[in-house]
Amino acid sequence: MREIKNDSLKVCIQEKGASLWSIKDDSGNEYLWQGDPKYWADRAPNLFPYIARLTEGKYRLDGKTYEMDIHGFAKDSEFEVADSTQQEITFRLHDTEETYRQYPYRFVFDISYRLEEKKLFVIFTVKNEDEKVMYFGVGGHPGFRVPMEEGLTFEDYRLEFDTIKEAKRVGFSEDCFVTGEKERFELAEGRILSLRHGMFDEDAIVLTDMAHSVTLVSEKGKRAIRVAYSDMDFLGLWHMPKTDAPYICIEPWSSLPSRKGILEDLETQPNLISLAPGNTYVAQFSIELVDR
């Protein structure tokens, strides 16, 4: 476990998956979901080189078929610490024989965490060290405690997007594959989504064409969290379906899962990132503690 901190925040990250383990303010209040097998044992996995499900757990590339688990292999990989200061740390994953069997590319994948006052930046850097174009997705899956304060309930909270936009909901099948359909997603006043457990009974809500910053907040509380994701085209909202889980995941994604019934070819799947040989891709999102 590694730690970075400043006068406002203390953040812990584990080397397996380079995933967030704890986000505490200067009073010791925990904001990150702490994991519970009853609802969801994870806390904040990092998603690479694929986001969510592949049809039959497989995809095709250059005429060959490969297998990969949901959300890719980074979440289960041991990262090394490439650089570290009191307020910033970078974890690094190189391709290995095991990753190459799942994903036939030579790459370097860095995840950096940097503190600035009450804001935590999460920075993904992918370098293509192969001699062919690299196709991938990358994203975050952080869960946040709801409620954040004693005496409040899940239903006391809402998500407030920073601007009014006609967000669209990406259509998903019952088994969580993309249908190719999109529909307007209604928000109160064009920007507000009140939380209730039943909203996740059909699994995740995935948005596109949405505003690029959202705040988790309660009018009855003093603490709030703002997640900003200007580099990401999709936003997943989730907790374990058909439960009263006391958390919500706010997930900035660069791409989408497989389409329903299609064994995707990475070269032709819509919305994946394509990275030329020798080039580097960088994207980030941020988590900010907001006092009210």
Side-chain angles (χ1 to χ4, degrees), residues 13-19 45-84 88-114 121-141 177-178 180 208 229-234 236 251-259 261-285:
I13 311 106
Q14 67 165 355
E15 292 183 16
K16 181 181 179 181
S19 62
N46 292 302
L47 317 181
F48 173 84
Y50 201 82
I51 291 173
R53 292 169 173 82
L54 286 157
T55 299
E56 300 178 8
K58 301 175 182 178
Y59 70 90
R60 291 187 62 77
L61 185 67
D62 298 329
K64 297 181 180 180
T65 301
Y66 298 87
E67 296 186 6
M68 190 185 299
D69 195 10
I70 183 172
H71 291 316
F73 51 72
K75 68 185 189 305
D76 301 312
S77 298
E78 292 290 341
F79 285 67
E80 63 183 21
V81 176
D83 195 19
S84 178
E88 184 171 3
I89 190 167
T90 297
F91 295 85
R92 178 163 294 164
L93 179 67
H94 292 270
D95 60 272
T96 64
E97 290 185 8
E98 174 60 27
T99 68
Y100 203 82
R101 281 193 291 270
Q102 301 179 58
Y103 183 67
Y105 288 103
R106 305 300 182 192
F107 66 86
V108 177
F109 178 39
D110 285 354
I111 304 175
S112 300
Y113 296 93
R114 185 178 77 245
F121 290 91
V122 183
I123 305 158
F124 301 118
T125 304
V126 181
K127 184 176 181 182
N128 182 359
E129 296 199 323
D130 218 308
E131 297 178 352
K132 55 193 175 186
V133 176
M134 181 176 170
Y135 302 93
F136 63 92
V138 66
H141 197 315
F177 293 97
V178 173
T208 189
Y229 38 89
S230 60
D231 295 334
M232 304 297 191
D233 290 335
F234 304 96
E251 309 174 36
W253 293 356
S254 70
S255 60
L256 292 172
S258 287
R259 290 166 290 177
I262 295 177
L263 199 66
E264 297 285 4
D265 188 315
L266 296 195
E267 290 185 276
T268 59
Q269 180 183 336
N271 63 66
L272 288 183
I273 297 159
S274 59
L275 188 64
N279 283 12
T280 299
Y281 166 88
V282 180
Q284 69 176 24
F285 68 94

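For reference, positions follow the sequence shown, starting with 1.
Looking at heavy atoms from C-beta onward, D83 lies out of side-chain contact with E88 at the 4.5 angstrom threshold. Annotation: side chain of K75 is in contact with side chain of D69 (closest heavy-atom distance under 4.5 Å). The shortest side-chain heavy-atom distance between F91 and Y113 falls under the 4.5 Å cut-off.
Not one N or O on the side chain of D233 forms a donor-acceptor pair closer than 3.5 Å with the backbone of T208. Using a distance-only test at 3.5 Å, with no hydrogens or angles considered, no donor-acceptor pair links the side chain of H141 to the main chain of N46. Proximity of a side-chain donor or acceptor of Q102 to a complementary backbone N or O of G72 within less than 3.5 Å is not detected. With hydrogens and angles ignored, the 3.5 Å screen pairs no side-chain donor or acceptor of Q269 with any backbone N or O of S258. With S254 contributing its side chain and V138 its backbone, the two residues share a donor-acceptor pair below 3.5 Å. Panel note: side chain Y135, backbone P49; no donor-acceptor pair is recorded below 3.5 Å. Using modelled atom types, no side-chain atom of T55 and backbone atom of E264 make a donor-acceptor pair closer than 3.5 Å.
Among all heavy-atom pairs drawn from L93 and S77, the shortest one is CD1-CB, 3.8 Å. For the residue pair G137 and S255, the shortest heavy atom distance occurs at CA-OG, 3.3 Å. In this structure, P257 and V178 approach most closely via the heavy-atom pair O-CG2, 3.7 Å. Nearest approach of D231 to A283, heavy atoms of both residues: OD2-CA, 3.4 Å. The nearest pair of heavy atoms linking K132 to N128 is O-ND2, 2.9 Å. The minimum heavy-atom distance between P104 and D130, with the atom names listed, is O-OD2, 3.8 Å.
To the nearest 0.5 Å, atom CD1 of residue I70 and atom CG of residue L47 are 9.0 Å apart. Rounding to the nearest 0.5 Å gives a distance of 9.5 Å between CG of L275 and OH of Y281. With values rounded to the nearest 0.5 angstrom, N279 atom CG is found 11.5 Å from M134 atom CE. To the nearest 0.5 angstrom, M68 atom CE is 14.0 Å from K58 atom NZ. The line from CG of D95 to CZ of F73 is 8.5 Å long, rounded to the nearest 0.5 Å. The distance from atom CG of L54 to atom CD1 of I262, rounded to the nearest 0.5 Å, is 12.5 Å.
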Please lay out, stage by stage, how F124 and M232 fare under the test side-chain contact (heavy atoms from CB on, under 4.5 Å). CA-CA 11 Å; F124 301 118; M232 304 297 191; 3.9 Å; yes
Trace of the side-chain contact (heavy atoms from CB on, under 4.5 Å) decision for Y50 with L266: CA-CA 10 Å; Y50 201 82; L266 296 195; 4.2 Å; yes
Are K127 and D110 close enough, and set up right, to give a side-chain contact (heavy atoms from CB on, under 4.5 Å), and what steps lead you there? CA-CA 9 Å; K127 184 176 181 182; D110 285 354; over 6 Å; no
Determine, stepwise, if the pair F48 / I111 fulfils side-chain contact (heavy atoms from CB on, under 4.5 Å). CA-CA 11 Å; F48 173 84; I111 304 175; over 6 Å; no
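Between Y66 and Y59, the angle of the ring planes stays under 30°, which puts this pair in the parallel group of the 30/60° scheme.
Taking 4.0 Å as the cut-off between side-chain N and carboxylate O, D265 and R60 do not count as a salt-bridged pair.
By the 6.0 Å and 45° rule, R106 stacks over the aromatic ring of Y100.
For the ring pair (Phe, Tyr, Trp, His ring centres under 6.0 Å) criterion with Y105, the lone passing option out of F107, F109, Y103 is Y103.
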